[in-house]
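Being a predicted model, the structure only gives us computed values, none of them experimental. By convention in this document, chain letters (A, B, ...) are assigned in the order of the sequence lines, proteins followed by strands, and residues within each chain are numbered from 1.
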Amino acid sequence: MSTVTVFASDGSWIESDAVDQCHQVAALEGVSHVAGMPDLHPGKGAPIGAAMMSTVLYPFLVGSDIGCGIAVFPIGLKRAVPEKLAGRFPDLDVEPDAGDPAWDVLDGDVPAGHLEGLGTVGRGNHFVELARIGTVLEPDHAARLGVAAGDVVLVVHSGSRGLGERILRAHTEVHGAGPAADPGAYLAAHDEAVRWGSLNRRLMAARVALALGAEPAAPIVDECHNLVEVRDGAYLHRKGAAPGDGRDVLVAGTRGTPSYLVAAHAGAEAGYSVAHGAGRKMSRSDALRRGRAKHTVEELRRTPVGSVVVCGDRQLLFEEAPTAYKRIEQVIADLAGHGLATPIATTVPLVTYKTAELGPRPRRDRQDHRRGRGRS
DNA sequence: ATGTAC
């Protein structure tokens, strides 16, 4: 008999479709337990914000962005004027040049020999953000991490780009949503994607540090929230759920609100996991439709916390509007209330890079494309 | 979230 537990308070609204998806996963052969995080929301087939324990390995429960995660890097900047720094970000939609010194941080290590997309951020909810440590709730723990109020850090949320997608597709083309026929082979490829994702975050952080006149540094936190690990003799699948057993994790807010560094201490019932972010409150299509009625592009590019969002794609800007996400404070309160995590400090955005402002990216005429469709 | 197909 399998179980589903959702770690959210009554005050936290969770879409019923997402809970339905948890029960659908729980009904799969081999699945013993599904833990829903407070940022639980519906995904493509499987819920996002869930840890799923099973004796059978299901690649689709991890999804295509194997190795996606969030890392935090120290960056030695004192004065940080968002408008000035925004213009100095490198183009993270394209790989670094062959001679770029940022490559040095990889020491020639290119997992799976996959160079395509290495050093690029991708789309969707991915971002590279310069942020300032705001409220410090656990000074001793923050000091152990080497950060204090006012320090500038770099937060990188990205994954394995085309590599993870290729690994999942190779499986689904033959087995669809079925189990991995050769779990060992899947895990070997998966582990390379996890490593690739982490190195990708590291490379991007180096690119940005060098572009802003700072030294590349090792991450103080690097957590992967799309992966599978062998745990308690079974496969623990995480989809939008960060490893939460004695590790420090950055739980991402939105591009106009703080994020939270937390000390995670989740047990078996929570799938040894914590939330990975605020969680979507609206689908991308709803966010676009409602956002166009509610926000101007200008207010999304210059946020209530005074940060600048670099995003040459208007549709993405609306899809990723802070109002499309749940309140991060509620997610953190739910984690703390259930004993899954202790907040250490907040990070407050200064500059968030989503996608290049100008450049060679071909852009469709959204006005014509959208006219006559949907409501206004 | 992705590369690719429309």
Side-chain angles (χ1 to χ4, degrees), chain A residues 18 21 39-50 58-71 92-95 111-112 114-129 155-173 176-177 186 189-190 192-194 196-201 204 223-228 237-242 252 254-255 276-288 311-313 315-321 324-325 352-356 360-366 368-370 373:
Chain A
Q21 285 183 335
D39 60 339
L40 184 72
H41 58 283
K44 224 175 170 179
I48 300 169
Y58 292 100
F60 90 98
L61 293 182
V62 173
S64 64
D65 198 0
I66 304 161
C68 185
I70 300 178
L92 299 172
D93 299 343
V94 298
E95 294 97 339
H114 186 87
L115 269 169
E116 198 184 333
L118 193 53
T120 67
V121 63
R123 308 286 280 198
N125 59 358
H126 291 177
F127 63 84
V128 176
E129 182 171 280
V155 181
V156 181
H157 178 189
S158 188
S160 60
R161 312 287 284 104
L163 177 60
E165 200 271 340
R166 197 175 76 186
I167 293 165
L168 179 66
R169 186 154 34 84
H171 170 83
T172 53
E173 272 173 0
Y186 171 81
H190 158 284
E192 287 288 86
V194 168
W196 198 101
S198 179
L199 290 173
N200 190 34
R201 294 187 283 279
M204 275 188 280
E223 128 267 323
C224 168
H225 50 235
N226 291 349
L227 83 167
V228 58
H237 309 71
R238 291 192 179 92
K239 172 72 172 172
T254 74
R255 286 345 95 219
H276 77 316
R280 293 200 74 86
K281 182 170 73 180
M282 289 176 214
S283 67
R284 292 190 173 274
S285 52
D286 281 351
L288 183 61
C311 186
D313 181 336
Q315 178 171 333
L316 185 59
L317 203 52
F318 285 114
E319 287 175 359
E320 290 289 311
Y325 285 85
T352 305
Y353 181 103
K354 294 289 294 178
T355 188
R361 180 187 305 287
R363 223 166 286 166
R364 269 187 291 173
D365 187 341
R366 304 277 177 206
D368 286 351
H369 178 66
R370 292 194 48 77
R373 270 183 165 230

Asker: Dump every N/O contact between nucleotides 1-5 of chain B and the protein below 3.5 Å, one line per pair.
Answerer:
unit_1: B/dA1; atom_1: OP1; unit_2: A/Asn125; atom_2: OD1; d: 2.4
unit_1: B/dA1; atom_1: OP1; unit_2: A/Asn125; atom_2: ND2; d: 2.7
unit_1: B/dA1; atom_1: OP2; unit_2: A/Asn125; atom_2: N; d: 3.4
unit_1: B/dA1; atom_1: OP2; unit_2: A/Arg284; atom_2: NH2; d: 2.7
unit_1: B/dA1; atom_1: N6; unit_2: A/Lys44; atom_2: NZ; d: 2.7
unit_1: B/dA1; atom_1: N3; unit_2: A/Ser64; atom_2: OG; d: 3.3
unit_1: B/dT2; atom_1: OP1; unit_2: A/Arg161; atom_2: NH1; d: 3.0
unit_1: B/dT2; atom_1: OP2; unit_2: A/Arg123; atom_2: N; d: 2.6
unit_1: B/dG3; atom_1: OP1; unit_2: A/Gly162; atom_2: N; d: 3.4

Asker: Please confirm whether A/His190 and A/His171 have ring centers closer than 6.0 angstrom.
Answerer: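 For A/His190 and A/His171, the ring centres are not under 6.0 Å apart.
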Asker: Evaluate the side-chain proximity of A/Arg280 to A/Tyr325: yes if any heavy-atom separation is below 4.5 Å, no if none is.
Answerer: yes
Asker: Regarding A/Arg123 and A/Asp313, does a basic nitrogen lie under 4.0 Å from an acidic carboxylate oxygen?
Answerer: yes
Asker: Kindly assign one of parallel, tilted or perpendicular to the pair A/His157 and A/Phe127, based on the angle between their ring planes and the thresholds 30° and 60°.
Answerer: perpendicular
Asker: Could you tell me which residues satisfy side-chain contact (heavy atoms from CB on, under 4.5 Å) with A/Glu116, sequence neighbours excluded, listed by chain and number?
Answerer: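 Here the qualifying residues are A/Glu95, A/His114.
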